[in-house]
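As structure tokens, the structure follows; a few thoughts come after it.
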Amino acid sequence: MRLYYKINTYGCQMNVHESEKIAGLLEGMGYSPCPEGEHADVIVFNTCCIRDTAERRALGNIGVTKAEKKRNPNVVIAVVGCMPQQDGAGEAIRQKYPYVDIVLGTRNISRLPDEIRRVLSSAQRRKSEGGKRYRGIDLQLPPDYLSTDESTPTVRTSYPNAWVNIIYGCNNFCTYCVVPYVRGRELSRSMTNVLDEVKRCVDDGYKEVTLLGQNVNSYGNDLSDGTNFAKLLHEIDKLDGKFRVRFMTSHPKDLTEAVMDEMASSSKICSNLHLPIQSGSDKVLKDMNRRYDRDRYLCLIEALRSRMPDIGITTDIMVGFPTETEEDFLDTMDIVRRVRFSNAFTFIYSPRKGTPAAKMEQIPYAIKQERISRLIKQQNAITKQLSDLYTGGVFEVLCEDVAPKFDNMVCGRTDSGRLVTFEGEPSDIGKFFNVRITASKSASLFGHKEEK
Ligand code: 5AD
Ligand code: SF4
């Protein structure tokens with residue numbers, strides 16, 4: 001009889017990649033991915049807690065597994081990652097959801113196989129000898145995390161892109177953000193290990209590598225051997241093979257000239273940067289502890305565009321931070337008009353327990369909502385204008401997937417990160433095409449393959 005697993009992933013790319021490691025661990029135990037319509041024997045929730053909405057979504061779905069446990073008392077249910085790692089949250093989950101067997105934090109995922117075995121053997125014993133079913137919890141942030149992480153197997157699920165982690169944790173403590181509390185301090189992987197992994201991905205046929213970290217620009221700071229992010233990019237660029245390199249996320253305070261130079265001179269590193277601005281108000285940026293101001297951000301944009309005129313720059317923007325007045329919000333609207341981002345991810349500020357901003361006096365929700373809708377409307381118009389500039393041009397596109405909404409169509413991205421949909425078939429996935437852009441619709445472009 002085959003045993004199946006199902007992983008429900010919430011949150012950022014880091015979590016998507018960590019779920020690939022969870023899949024590696026479970027497949028190592030003999031479990032297979034659960035086909036549609038079958039019941040899983042292990043259900044994992046890899047959670048996020050960056051905003052209240054992310055938490056509520058996960059909690060709702062964890063609640064649904066109560067019925068699954070009733071149907072099959074042997075199913076093992078695990079809640080892992082950021083959500084239980086918050087102060088007191090792991091215990092609260094255990095109490096509120098008695099059918100959850102295992103709770104693991106952000107740096108304990110490699111413990112999952114052992115924990116599953118203990119749950120299963122305690123269930124066996126309980127049948128024959130009575131006693132309690134084992135329930136596991138581990139929320140330590142072990143300092144030797146990197147050594148266990150290096151030996152965790154990975155089942156990659158996003159061909160032709162491969163996620164490669166370069167740094168874990170965050171030292172920045174932006175006042176709104178829960179990440180430093182749940183992911184611990186920065187830990188950089190060694191350059192040799194990162195390069196080996198990138199090489200392996202390319203040898204295995206991956207055509208794009210995305211380097212991951214909460215703040216990739218801090219890469220190497222904790223290694224004290226002179227390693228830094230620019231040097232890492234330089235070494236990756238020297239590797240053989242045709243493949244693309246992207247990275248996320250960059251912090252404006254740490255983006256160096258050397259990194260911009262590497263991006264500009266490299267043939268592999270895409271002209272594409274995600275550079276979260278969060279706010280356009282100097283006062284709010286200060287209250288957020290972002291450690292840059294609007295002038296510094298605008299200088300960075302100029303420095304990037306003078307080196308790479310066609311660079312695609314995306315950002316994260318938050319509205320409704322406790323100290324944000326209408327005037328501060330208008331500063332954000334203004335900087336968004338000046339920079340002209342190719343796309344912006346916009347968020348309503350969500351108070352996170354234990355962070356400094358959560359203790360400040362909060363803005364009414366209706367005001368936040370009204371601000372975000374003004375911001376989205378303005379950014380949509382900019383995104384559309386920038387998309388229109390692509391029409392008529394020919395761009396190299398890596399085919400990444402079948403188009404979700406259209407028959408006989410595929411999709412991929414330009415070097416600058418724009419999504420393009422064009423005619424094609426599943427066998428095109430993983431190949432590069434020159435695509436002529438014939439139409440644009442908000443952030444998406446449409447085109448057809450050019451004869452080579
Ligand atoms: N509320 C809303 N958005 C947040 N982000 C981080 N913390 C919060 C919060 N408490 C946003 C930031 C960050 C992105 C990943 O999530 O914009 O860049
Ligand atoms: Fe959070 Fe700031 Fe760290 Fe990003 S840099 S993870 S926003 S604390």
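These values consider heavy atoms only, across backbone and side chains, with no hydrogens, waters or symmetry-generated copies. Whatever order the structure lists them in is the order used to number ligands and atoms, beginning at 1.
- In the model, Ser279 has no side-chain atom that pairs as donor or acceptor with a side-chain atom of Ser281 under 3.5 Å.
- Each of Glu186, Arg290, Lys253, Gln214 was scored for a side chain to side chain donor-acceptor pair (under 3.5 Å) with Asn172, with one residue passing: Lys253.
- For ligand 1, the atoms closer than 4.0 angstrom to any heavy atom of Gln278 are 12 (C), 13 (C), 17 (O), 18 (O).
- Residues Phe395 and Tyr390 bring their aromatic ring centres within 6.0 Å.
- Protein heavy atom in closest approach to atom 11 (C) of ligand 1: Arg51 NH1, 3.2 Å.
- Each of the atoms 10 (N) of ligand 1 lies under 4.0 Å from some heavy atom of Arg352.
- Excluding waters, the set of protein N/O/S atoms under 2.8 Å from atom 2 (Fe) of ligand 2 reads Cys174 SG.
- Of the heavy atoms in Tyr176, both backbone and side-chain atoms come closer than 4.0 Å to ligand 1.
- Of the residues Lys242, Lys207, Arg418, the one that meets the salt bridge (charged side-chain N to carboxylate O under 4.0 Å, His left out) test with Glu396 is Lys242.
- The pair Glu18-Lys21 fails the salt-bridge criterion, with no side-chain N (NZ, NE, NH1 or NH2) lying under 4.0 Å from an Asp/Glu carboxylate O.
- Closest heavy-atom approach to atom 13 (C) of ligand 1 among the candidates Thr175, Asp316, Thr355, Ile348: Asp316.
- Residue contacts with ligand 1: Tyr349 is placed with no nitrogen or oxygen under 3.5 Å of a nitrogen or oxygen of the ligand (distance criterion only).
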